[in-house]
Every structure is written in C-alpha cells, then in structure tokens.
Amino acid sequence: MNPKADAKKPTKKPSEGFTADEKAAMKARAQELKAEARAGKDRAEGEKAILAAIAGMKDSTDRSMGKRIHEIVTAAAPELMPKTWYGMPAYADKDGKVICFFQAASKFGVRYATFGFQPDAKLDEGNMWAASFALIKLTSAEEAKIIALVKKAVS
C-alpha cells in the first residue's frame with residue numbers, strides 16, 4: 001500500500017440526487033396517474049388538463065407553442081387522447097400509451113422546447129430515427145413537419 005498514491009485519489013462526492021424540477025415532474029406524474037384512474041378515458045378531462053398545463057407554463061413562447069402544438073396534434077390525429085404526462089401536454093393511443101408529447105423549455109430551464117415521440121409511435125426507419133425535436137419557434141414549415149410526423153406515428 002502506497003500512502004502517497006492513496007492521497008492523490010480524488011474523493012468521491014455523494015450523489016446530489018434529483019433536482020427540484022425533476023422532483024416536481026415526478027410528483028406531477030404521480031398525480032396524473034391518480035387522476036387518470038379516476039377519469040378513465042375521458043377526452044374532456046384530458047383536454048382540460050392539457051389546457052391547464054399550457055396556461056401554467058412560465059414562458060409566453062412555451063405557452064403559444066404548446067397551444068399551437070395542441071391544435072396541430074388534435075387536428076392531425078383526432079384518435080389520440082389528450083392527457084398530461086409529467087405535467088406536460090401529451091397524446092395517447094387507445095391503450096393509454098403516450099405517442100407524442102410537448103415539453104416546454106422553461107420546464108427544466110433549457111434553451112429550447114421539445115416535441116417528442118415515445119416507442120409506440122410508428123416512426124421506425126431502418127436502424128436509426130429521430131425520437132424528439134428541438135423547437136425554437138413554430139413556422140408553417142415546422143408545423144407541416146409535425147403534422148406529417150404525427151400522422152406517421154399513428155398510421
């Protein structure tokens with residue numbers, strides 16, 4: 001044993017655990033699961049929850065994108081059930097599995113919002129494909145891409 005070598009080893013810092021935002025997201029998800037169990041597959045309740053989540057977004061850009069994403073997804077895939085998922089707008093299939101979701105940039109203090117897809121979305125292309133997209137703003141070009149992706153995801 002070499003005491004000099006041991007003295008040079010970096011000390012291991014204890015894990016800091018989850019951030020306050022991550023803890024809040026987990027708490028929101030637990031509440032969502034309880035609400036889903038009570039509401040069942042009630043489209044009106046899901047719509048109400050999504051609109052409340054969008055209204056509660058800290059940033060006005062996030063709110064406007066969340067509102068527009070909601071309009072786009074519900075028009076492109078009316079068969080998807082609106083719901084919240086970790087406190088953010090999401091859209092599920094008939095089995096309750098989330099197909100796509102919107103995450104506000106302000107949710108975790110990042111520079112861009114995210115529109116993403118879960119594994120049950122039918123987007124597979126070969127051995128690699130995008131599962132989420134960064135959004136700075138929505139123009140007609142981004143909206144057209146989202147519409148095409150959502151339609152493909154539920155095909």
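Note that the structure is predicted; figures quoted are calculated from it, not measured. The first residue in the sequence is number 1, and the count goes up from there.
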Next on the checklist: Under 4.0 Å between a side-chain nitrogen and a carboxylate oxygen: does that hold for K94 and E79?
Outcome noted: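 Looking at K94 and E79, the cut-off is not met.
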
Kindly compute the distance separating [atom1] ([X]) from [atom2] ([Y]), expressed to the nearest 0.5 Å.
{"X": "L135", "Y": "I69", "atom1": "CG", "atom2": "CD1", "result": "5.5 Å"}
{"X": "Y86", "Y": "F101", "atom1": "OH", "atom2": "CZ", "result": "10.5 Å"}
{"X": "K107", "Y": "M57", "atom1": "NZ", "atom2": "CE", "result": "8.5 Å"}
{"X": "D62", "Y": "K67", "atom1": "CG", "atom2": "NZ", "result": "15.0 Å"}
{"X": "L123", "Y": "I99", "atom1": "CG", "atom2": "CD1", "result": "9.0 Å"}
{"X": "C100", "Y": "L149", "atom1": "SG", "atom2": "CG", "result": "9.5 Å"}

Between [X] and [Y], what is the shortest heavy-atom contact and its length?
{"X": "P82", "Y": "I50", "value": "CB-CD1, 3.5 Å"}
{"X": "A113", "Y": "M65", "value": "CB-CE, 3.7 Å"}
{"X": "A92", "Y": "K83", "value": "CB-CD, 3.6 Å"}
{"X": "I54", "Y": "G66", "value": "CD1-O, 3.4 Å"}
{"X": "K23", "Y": "F18", "value": "CE-O, 3.5 Å"}
{"X": "D120", "Y": "K97", "value": "OD2-CD, 3.1 Å"}

Item to check | Which residues share a side chain to side chain contact (heavy atoms under 4.5 Å, CB included) with S132, sequence neighbours left out | outcome: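 Once residues adjacent in sequence are excluded, the partners of S132 under the side chain to side chain contact (heavy atoms under 4.5 Å, CB included) criterion are T114.
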
Item to check | Residues forming a side chain to side chain contact (heavy atoms under 4.5 Å, CB included) with A49, sequence neighbours excluded | outcome: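 If we apply the side chain to side chain contact (heavy atoms under 4.5 Å, CB included) test to A49, skipping adjacent residues, the hits are T84.
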
Is the shortest side-chain heavy-atom distance between [X] and [Y] below 4.5 Å?
{"X": "K152", "Y": "K122", "result": "no"}
{"X": "I147", "Y": "V73", "result": "no"}
{"X": "R68", "Y": "I72", "result": "yes"}
{"X": "Y91", "Y": "V150", "result": "no"}
{"X": "F115", "Y": "E142", "result": "no"}

Item to check | H70 and F102: CA distance, side-chain angles, deciding distance, ring-ring contact (aromatic ring centres under 6.0 Å, His included) verdict | outcome: CA-CA 9 Å; H70 178 63; F102 174 75; over 10 Å; no

Checklist entry - Yes or no on side-chain contact (heavy atoms from CB on, under 4.5 Å) for L80 and V154, after CA distance, side-chain angles and deciding distance? => result CA-CA 8 Å; L80 292 178; V154 297; 3.7 Å; yes

Next on the checklist: Is it the case that the side chain of S106 and the backbone of G109 share a donor-acceptor pair, with hydrogens and angles ignored and the cut-off at 3.5 Å?
Outcome noted: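 No; judged by distance alone, with no hydrogens or angles, the pair does not exist.
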
Checklist entry - Same cluster for F117 and L138 if Ile/Leu/Val/Met/Phe/Trp/Tyr side chains link at under 4.5 Å? => result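 Yes: a chain of side-chain contacts under 4.5 Å links F117 to L138.
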
